Student: 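Structure below; questions to follow.
Because the structure is a prediction, the values reported are computed rather than measured. Just so we're on the same page: letters track the sequence lines, and every chain starts at 1.
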Amino acid sequence: MSTRLKASLDPCKPAKLLHLITPKIAASSSTSPWNTRLRELANQSLFAEALSVYRQMLRFGVSPNAFTFPFALKSCAALTLPFAGSQLHCHVIKSGCELEPFVLTSLISVYCKCGLIDSARKVFDGSGQSMKLTVCYNALIAGYALNSRVSNAVSLFGKMRELGVEINAVTMLGLLPICVDPGYVWLGMCLHCCCVKIGLDVALSVANCLVTMYVKCGSVVYGRRLFDLIPEKELITWNAMISGYAQNGLAAPVLELYREMESCGVSPDAVTFVGVLSSCAHLGAHSVGCEAEQRIEANGFVLNPFLNNALINMYARCGNLKKARAVFDGMPRKNVVSWTAIIGGYGIHGHGEAAVQLFDEMIKSGIKPDGTAFVSVLSACSHAGLTDKGLEYFSAMEKKYGLQPGPEHYSCMVDLLGRAGQLNEAWELIESMPVEPDGAVWGALLGACKIHKNVELAELAFEKVIKLEPTNIGYYVLLSNIYSEARNLEGIKRVRVMMREKRLKKDPGCSYVEFKGRVHLFMAGDKSHYQTTEIYRMLDELESLVQEVVGTKVIDQENSGERLADTGVHSEKLAIAFGLLNTSPGAEIVVMKNLRICGDCHLFIKLVSKIVDRQFVVRDATRFHHFKGGFCSCKDYW
DNA sequence: GTAGGGTTAG
């Protein structure tokens, strides 16, 4: 027996156990009172304590029985103790309980949860058919699902049907999560029908799981339809839908649903707040996020690492780097997600040096970076112009950390080289890619061509990108703007014809400002806001002030000459005017935009900032902002 | 007196 195995079940010192077992239990030679205590502890999720009682029981010479093992095994499973689990298996065999269905099922489960799926299968196969109840199948199916052995889970389900073993709600709960796999969406639909047929859909847990399955497949609409049909929603139901919206980038519906949930009298938990915070990060809804943080503190969820990571992300994305750093520094145990969030935060705001420093610190602290951590540091390098540093990291990725760069890393590198004017190197890098370049890679090259006014290469990049993403309007606009700067009217016309043929319309740009816990959203030329008159009056004043300073009206490059669309007053200008109208003189005004900020607006805002002596932050949210469900009207927000 | 399951961050 290995020393590790021995240590895992070694009896504890008696002093430690005083609070766990009463003298009466200690004095008893019968198994029953020990089992009762074991059950109590396991049911309260005090698994380490339950195992202590089990060890003590052996020490006192009390024999475990079929009522002991399920609780002891469950504790091993919860604590992921494979050695203790296999040692318990020996005890089970010794006591002759191996074929007790309850013990059998617990054994399968403990092996599955510890990742020893083949041992679980052996236990399953070693028992007679009559011992195999639905629960045994359920435990193994869930185990296969947990260990990503999708086809094994599905074939075991087939076996159940073939042998006529009863299928119940828990069978479905094990199977439904694997239907998120694109290859098994068909199974998900079949299972849904199956649930309805045998009436399992009324079980709240199954309904929750179905909602999750649909939203994880990206079908938020089906998920929501099902959600609306559930009459008595519990916390997990709300969380499934809230997390589903959050994962699909539908931030505004998350906040709506969160409020609805509260008005239904359901109290949020840590999972709810993770979804809410990530949506605040998407929307730049700083004060909603702060409000959520207060509630998190009031509810005692402060030590939850998921929540802390979500808080870092939210503060960083909302521009409050100081607070993000404070949360990060306050975390007793930081994982790679915590580091990635803070590095990404510094990167987004152009603090490349700080991001790089943090990345090095992370490595020093012994945390191994993953693919996402590299995305955040590489994009930080590219935004801050740290070309050499970025190249260094990129080469270390594979050589030092054994991580195969994906298209997302290559697009960062193309962006990095492209911004630095090394267009040929960027092109060569794409040519050398061992993986197929995606739209973002060619798109990064196209973007670089705009900066460095290289029409010839832009045409090549455009040809490639449009094959991969023929309906992405952004690339047509980019090429059109490149032609526009080169005064190539023929080119502009060609792009317009292509867009017309494909029936593409420019996505409406929108900007938004957060004020008193509400997000105020403006489209270009928007006149639906309740302060429209004041806003336009304010803009008129600003325009004349700017005109006085520069002597001429700021030329709107994007909208002069050949126009792609009649956009009216730019949305960021409306948002700035709204901010000036409603915030106190010293306060910084943070404007978020879903598309890239156009050069004309940039100039206008810079000038206004100087003239009125106010600090503006206009965030280009293209890199992380998704309105997949289409644009919400302003009314949805106030 | 006992077992199987669902929601979570970059």
Student: Would you please name every residue forming a side chain to side chain contact (heavy atoms under 4.5 Å, CB included) with A/Ile236, sequence neighbours left out?
Tutor: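 Testing A/Ile236 for side chain to side chain contact (heavy atoms under 4.5 Å, CB included), a comparison that skips the adjacent residues, returns A/Asn208, A/Glu234.
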Student: Encode nucleotides 1-6 of chain B as B, S and - characters from 5' to 3', where the letter depends on protein heavy atoms closer than 4.0 Å: B to the base, S only to sugar-phosphate, - to neither.
Tutor: BBBBBB
Student: NA contact type, A/Asn304, heavy-atom cut-off 4.0 Å: base, sugar-phosphate, or nothing?
Tutor: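 The residue A/Asn304 makes no contact with any strand.
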Student: Please state how far atom CH2 in A/Trp339 lies from atom P in B/dG10, giving the value in whole angstrom units.
Tutor: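 Rounding to the nearest Å, CH2 of A/Trp339 and P of B/dG10 are 19 Å apart.
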Student: Charged N to carboxylate O below 4.0 Å: is that the case for A/Lys389 and A/Glu353?
Tutor: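 Judged by the 4.0 Å cut-off on N to carboxylate O distance, A/Lys389 and A/Glu353 do not form a salt bridge.
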Student: Rounded to whole Å, please give me the gap between CZ in A/Phe273 and P in B/dT8.
Tutor: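 After rounding, the reported distance stands at 17 Å.
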Student: Atom CE of A/Met362 and atom P of B/dG10: how far apart are they, to the nearest Å?
Tutor: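 From A/Met362 CE to B/dG10 P: 16 Å.
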Student: Looking just at side-chain N and O atoms, do A/Asn35 and A/Ser32 make a donor-acceptor pair shorter than 3.5 Å?
Tutor: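 There is no such pair (donor and acceptor under 3.5 Å, judged by atom type) between the side chains of A/Asn35 and A/Ser32.
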Student: Between A/Ser155 (side chain) and A/Ser151 (backbone), is there a donor-acceptor pair under 3.5 Å?
Tutor: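 Pair found, side chain donor or acceptor close to backbone of A/Ser151.
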Student: Any chance the rings of A/Tyr137 and A/Phe157 have centres within less than 6.0 Å?
Tutor: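 Ring-ring flag for A/Tyr137/A/Phe157: false, centres at least 6.0 Å apart.
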Student: Identify whether the distance between the nearest side-chain nitrogen and carboxylate oxygen of A/Asp125 and A/Arg121 falls below 4.0 Å.
Tutor: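 Salt bridge between A/Asp125 and A/Arg121, a charged N being under 4.0 Å from a carboxylate O: yes.
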Student: Write down the distance between CZ (A/Arg224) and P (B/dT7), rounded to a whole number of angstrom.
Tutor: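 One finds 20 Å between P of B/dT7 and CZ of A/Arg224, rounded.
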Student: Quick one: A/Asn308 CG to B/dG10 C1', roughly how many Å, whole number?
Tutor: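 My rounded result for the distance is 14 Å.
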Student: In whole Å, what is the span from the CD1 atom of A/Ile242 to the P atom of B/dA9?
Tutor: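 It is 13 Å, rounded to the nearest whole Å.
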Student: Base, sugar-phosphate, or nothing for A/Asp370, non-hydrogen atoms under 4.0 angstrom?
Tutor: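 Base, at least one base atom sits under 4.0 Å.
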Student: Indicate whether any N or O donor in one side chain lies under 3.5 Å from an N or O acceptor in the other, for A/Tyr54 and A/His91.
Tutor: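 Yes, because at least one side-chain N or O of A/Tyr54 sits under 3.5 Å from a partner of the opposite role on A/His91.
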Student: For B/dA9, does OP1 or OP2 lie under 4.0 Å from any side-chain N or O of A/Gln247?
Tutor: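 So the side chain of A/Gln247 is within the cut-off, an N or O lying under 4.0 Å from OP1 or OP2 of B/dA9.
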Student: Would you mind reading off the distance between A/Phe306 atom CZ and B/dT7 atom P, rounded to a whole angstrom?
Tutor: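 Atom CZ in A/Phe306 sits about 12 Å away from atom P in B/dT7.
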Student: Between A/Tyr346 (OH) and B/dG10 (P), how many Å, whole number?
Tutor: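 So the OH-P distance, A/Tyr346 to B/dG10, works out to 19 Å.
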